[in-house]
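Values below: every heavy atom of this structure, side chains too, minus hydrogens, waters and symmetry copies. All values derive from a computational prediction rather than experimental measurement. Here, residue 1 is the first one in the sequence, and each next residue gets the next number.
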Amino acid sequence: MSVATPTRSAPRTGPLYLRWDMRADLPPAQLAQAEEDLTWERSRATLTPPDPGNWARSLARGIVEVLLGLRPLPQLRRWVVHALYEELEDVLVHHPHLPRAPGPCTALSAHVCHLGVEVVEVAVVVSDGERHRGVALRLERFRDRWVATALDIA
């Protein structure tokens, strides 16, 4: 978890509820550095990033599978900003007995909202075989790919 206590707009209601936003939860100095890193890396991009809907489906499914113990957390390191990775790590450390899914998850649908060329928000419905979960992601361009800068799982 970050050095500063994150400010959440709503309390957690269970171990698989998570709300984290780079712009709301990082202290100002860390936020400025994270935004500077994203801007610098965007300037180095040479290719168009992949379709954000398909990208978000895969990432949302992966995040839920990590939280359900179906895949290791390090698989997400490249696809989320560092502070979000630390938050996910913190959730796994403080909730070692998260419910387990019977098998792999499936991303059922995704709705993409383009906030600009470099930023999209995507709502994804993920099924773990027993339950459907809503996963909202803010994806920002990082070089030639997307990275998650905000996550909300309910």
Exercise. With a 4.5 Å heavy-atom cut-off, do H114 and P52 have their side chains touching?
Worked result: yes

Exercise. What distance separates E87 CD from L18 CG, expressed to the nearest 0.5 Å?
Worked result: 5.5 Å

Problem set entry | Closest non-hydrogen atom pair, V125 against H132 | CG1-CD2, 4.0 Å

Exercise. How many angstroms lie between atom CG of L115 and atom CD of E121, to the nearest 0.5 angstrom?
Worked result: 4.5 Å

Problem set entry | Rounded distance (nearest 0.5 Å) linking atom OG1 of T106 with atom CD of E65 | 8.5 Å

For this session: Answer yes or no: is there a side-chain heavy-atom contact under 4.5 Å between T149 and R23?
Result: yes

Exercise. Shortest non-hydrogen contact from L76 to G62?
Worked result: CD2-C, 4.2 Å

Seminar exercise, completed: One should read off an interatomic distance between E86 CD and L73 CG, to the nearest 0.5 angstrom, of 10.5 Å

Exercise. For the residue pair P72 and V66, what are the closest heavy atoms and their distance?
Worked result: O-CG2, 3.7 Å

Exercise. Can you name the closest pair of heavy atoms from A110 and G53 and give their distance?
Worked result: CB-O, 4.1 Å

Exercise. Is V135 close to I63 at the side-chain level, that is, under 4.5 Å between some pair of heavy atoms?
Worked result: no

Problem set entry | Closest non-hydrogen atom pair between A56 and L137, with its separation | O-CD1, 3.9 Å

For this session: Begin with the C-alpha distance, continue with both residues' side-chain angles, and end with the deciding distance and a verdict on side-chain contact (heavy atoms from CB on, under 4.5 Å) for L68 and R133.
Result: CA-CA 12 Å; L68 294 175; R133 301 177 192 287; 4.1 Å; yes

For this session: Find out whether V126 and D128 are in side-chain contact, i.e. whether some heavy atom of one side chain is under 4.5 Å from a heavy atom of the other.
Result: no

Exercise. Looking at side-chain heavy atoms only, is the closest gap between L88 and L151 below 4.5 Å?
Worked result: yes

Problem set entry | Check: D21 and D152 side chains under 4.5 Å, non-hydrogen atoms | no

Exercise. Which heavy atom in P50 sits nearest to a heavy atom in D144, and how many Å separate them?
Worked result: CD-O, 3.7 Å

Problem set entry | Inter-residue atom distance H82.NE2 - M22.CE, 0.5 Å rounding | 13.5 Å

Problem set entry | Test item: R145 and R78 side chains (from C-beta on) under 4.5 Å apart, heavy atoms | yes

For this session: Scan Y85, F142, W55, W146 and name whichever one has a ring-ring contact (aromatic ring centres under 6.0 Å, His included) with W79.
Result: W55

For this session: Calculate, to the nearest 0.5 Å, the distance between atoms CG and CG belonging to D25 and L84 respectively.
Result: 9.5 Å

